[in-house]
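Taking it in order: structure first as C-alpha cells, then the write-up.
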Amino acid sequence: MTVVMSLENVTLEYPVDRRYRKEKVKPSGVQNISLEIQRGEVLGIIGHNGSGKSTLLKMMAGVFPPDSGNIATRGSVSLLAGVGVGFHKELTGRENAYLYGALMGRTKEQIDGLIDEIQEFAELKHHFDRPLRTYSSGMKSRLGISVATAFKPDLLLIDEVLGVGDATFRKKSEDRVKEMINESGSVIVVSHSLGLLKNICTRILVLKDGDQIFVGEPSKGIEIYASNTVPNN
Amino acid sequence: MESEQGMEPLTPLWGKRSTLRLPFIVMADVIRSRNLLRLLVKRDLSARYRRAYLGYAWAVLEPLLLAIVYTFIFTILVGSSDPLYPVKIIIGVIGWTLFARSLTSSTKSLSNSINLFQFARVPKTVFATSGVLTNAVLSIVSLTSLIPFFFISDLPITFNLLFLPLWLLVLSFTGWGIGLLLAPISCKVPDVLNLINFLIRAGFFLSPVMWTYDMFDRRFGDGWHAVVAHLNPTVVPITGMRDAVLGTSAAIPNYGYMMCFGIAILGYIFGSIVFELNAHRAVVNL
C-alpha cells in the first residue's frame with residue numbers, strides 16, 4: 001500500500017490568553033499523534049468536543065504548522081470544514097465554485113470541465129447562478145460537498161459536514177465518498193454520527209483530550225469511545 | 001514498497017527554507033497563484049459594489065466628493081484661490097487612499113481570510129496581495145475623476161502622465177511590504193490593528209493630501225523637518241503624481257527619492273521574511 005500521509009509525534013498547543021495564564025490548566029491542542037494513512041483508506045476520527053479533532057484536521061491540511069513533530073504528504077490534500085467555509089455570500093454558486101477550485105490549485109480549464117457536474121450534483125438548478133446569500137443552509141452545504149468532492153484531491157478531509165441535507169442528499173454524499181475511495185482517493189472523516197462512521201470507515205482514531213487513545217478496527221474504536229462517554233467522576 | 005512508481009515522493013509539509021531566499025519565494029508564490037489572485041480581485045471588486053445602484057461609479061465619486069469638501073474647508077481656513085487646488089486634492093486623496101488601504105488590507109489579510117486558507121494549502125501571502133491589487137485597480141478607476149479637469153483647467157497632456165501608474169505602484173508596493181511585516185504580528189498582538197487605525201487617521205493629515213510639497217518647503221525649508229517628513233513613504237509618490245499631472249516639478253532632494261525607494265524595498269524584504277517565518281504559526285491565535 002502507498003502511504004498518502006504520515007504524522008510523526010505531532011503536537012500543537014494553543015496559546016493561552018494572557019489573562020488565564022496563572023490558572024495552570026492543561027493547554028488545549030493535540031499531543032504526540034503518530035499515524036500513517038494509506039491510499040484508499042477511510043479513517044474516522046471520533047472524540048468529545050474539544051478533544052482536538054478539528055485541530056488535527058487543520059494540521060493535516062497544512063493550515064497550522066505543528067509545534068513539534070513532522071507531517072509529510074503525497075499528492076493534494078483538501079479540507080471540507082463546516083458549511084460555507086471559503087464561500088463568499090455575494091458571489092453566485094458558480095463563481096464560488098471557480099474560486100474554490102482556484103484555492104485548490106486548479107486551472108480555469110480544469111474547473112470548466114467539472115462545472116456542470118458540480119451543478120448537477122448539488123441539485124441547485126437555477127439557484128446556481130444566484131448569490132450565495134440567498135441560499136438556505138442545506139443548499140450551501142450541498143454546494144460545499146459537491147465542489148469539494150468534484151476536485152478529487154488525493155486525500156479529502158471532512159469535518160462534520162456529511163450529516164447535512166435531507167435523507168436523499170445524505171445518501172448521495174455517502175455514495176460520493178465511497179466512489180472517491182473506489183477511485184483510490186483517501187478520506188478522513190470527523191463525525192459524531194457513529195452509524196455513518198461504522199458504515200464507511202476502514203479504521204477509527206479515538207482522541208481524548210488531545211491524546212490518541214486508539215487506532216484500529218471501527219467497531220472496537222466506537223466501543224472505546226462509547227465507554228469513555230460515561231462521565232468518569 | 002510497491003506501487004509507488006509514477007507517484008511523487010512523500011514531502012514534508014513544513015520543510016526548511018533559507019531565510020534570505022524568502023523574499024524571492026514570496027514573489028514566486030504570488031506569480032504562481034495568479035489565477036487565484038485574479039479570482040480574488042474579481043470577487044473583492046464585485047462584492048464591494050455589486051449591490052450599489054451606482055456600482056463602480058462610487059470609486060470615481062468618492063475622491064471627487066472629498067475634493068469638494070476639502071476645497072471648501074481649505075478655502076475657509078486659508079482663503080486659497082489656487083484654481084488647481086481641487087486637482088491636487090483629488091490626486092492626494094487617490095494616492096493616500098491607495099497606500100492606506102493597501103497597508104490595512106495586507107495587515108488584516110490573515111484574520112480576514114482565515115476561512116479561505118483553512119481548507120487548502122494556499123500561500124498565505126496571496127490574500128495580502130489580492131487586497132492590494134484590488135485597491136490598485138480601484139485607484140486607477142478613481143483616476144478617471146481627473147479627466148474633466150484636463151478640459152476645465154487646460155492641463156497639459158504629456159508623457160509625464162505615464163509616471164502616474166508608476167507612483168501608484170510604489171505606493172501599493174510600500175503598503176504591501178509593511179502590511180506583510182505587520183500581519184503576523186497583528187495576530188499575536190491585536191493592538192497593532194488599533195495602532196494602524198490611528199496611523200491611518202493621523203497619516204491623512206501628516207501626508208500631502210490637503211497640503212502640498214511646496215507649502216511644506218516654503219514653511220520649513222530643508223532642515224531636519226524635511227528629513228523627518230521624507231520618512232513618510234507617501235510624500236514623494238504623491239508629490240510625483242501631482243507633478244505628473246500638473247507638469248510641475250517639485251524640488252524633491254535626491255535623498256528624498258532614496259528614502260522613498262529604500263523604505264519600499266527594505267519594507268518588502270523584511271516584511272516577506274517576517275511574514276513567511278511567522279504567519280503560519282500566528283494564525284493559530286485567531
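- Within the 4.5 Å cutoff, side-chain heavy atoms of A:L103 are placed close to those of B:L116.
- Judged by distance alone, the side chain of B:N35 and the main-chain N or O of A:R106 form a donor-acceptor pair under 3.5 Å.
- Neither the backbone nor the side chain of A:E8 comes within contact range of chain B; no heavy atoms are under 4.5 Å apart.
- B:R17 CZ: more than 12 foreign heavy atoms inside a 6.0 Å radius.
- The most heavy-atom pairs under 4.5 Å with chain B, out of A:D67, A:N96, A:V77, come from A:D67.
- In plain terms, the two heavy atoms of A:V63 and B:V283 that are nearest each other are O-CG2, 4.1 Å.
- Counting heavy atoms from C-beta on, the side chains of B:R38 and A:K108 come closer than 4.5 Å.
- Looking at B:K124, only its side chain comes within 4.5 Å of chain A, counting heavy atoms on both sides.
- Side-chain contact between B:P12 and A:I71 is absent, with no heavy-atom pair separated by less than 4.5 Å.
- Note: A:F64 leads A:Y14, A:F64, A:Y98 in heavy-atom pairs under 4.5 Å with chain B.
- Residue A:L12 touches chain B through its side chain alone, counting heavy-atom pairs closer than 4.5 Å.
- Put simply, the side chain of A:P65 does not reach to within 4.5 Å of the side chain of B:L13, judged on heavy atoms.
- Within a 6.0 Å sphere centred on NZ of B:K42, heavy atoms belonging to other residues, nucleotides or ligands number 12 at most.
- In this structure the side chain of B:T11 never reaches within 4.5 angstrom of the side chain of A:R74, judged on heavy atoms.
- Residue B:R201 qualifies as open at atom CZ: its count of foreign heavy atoms under 6.0 Å is 12 or below.
- Interatomic distance, NE2 of A:H88 versus OG of B:S113, reported as 11.0 Å (0.5 Å rounding).
- Scanning all heavy atoms of the two residues, the minimum distance from A:G62 to B:W14 falls at O-CZ2, 3.3 Å.
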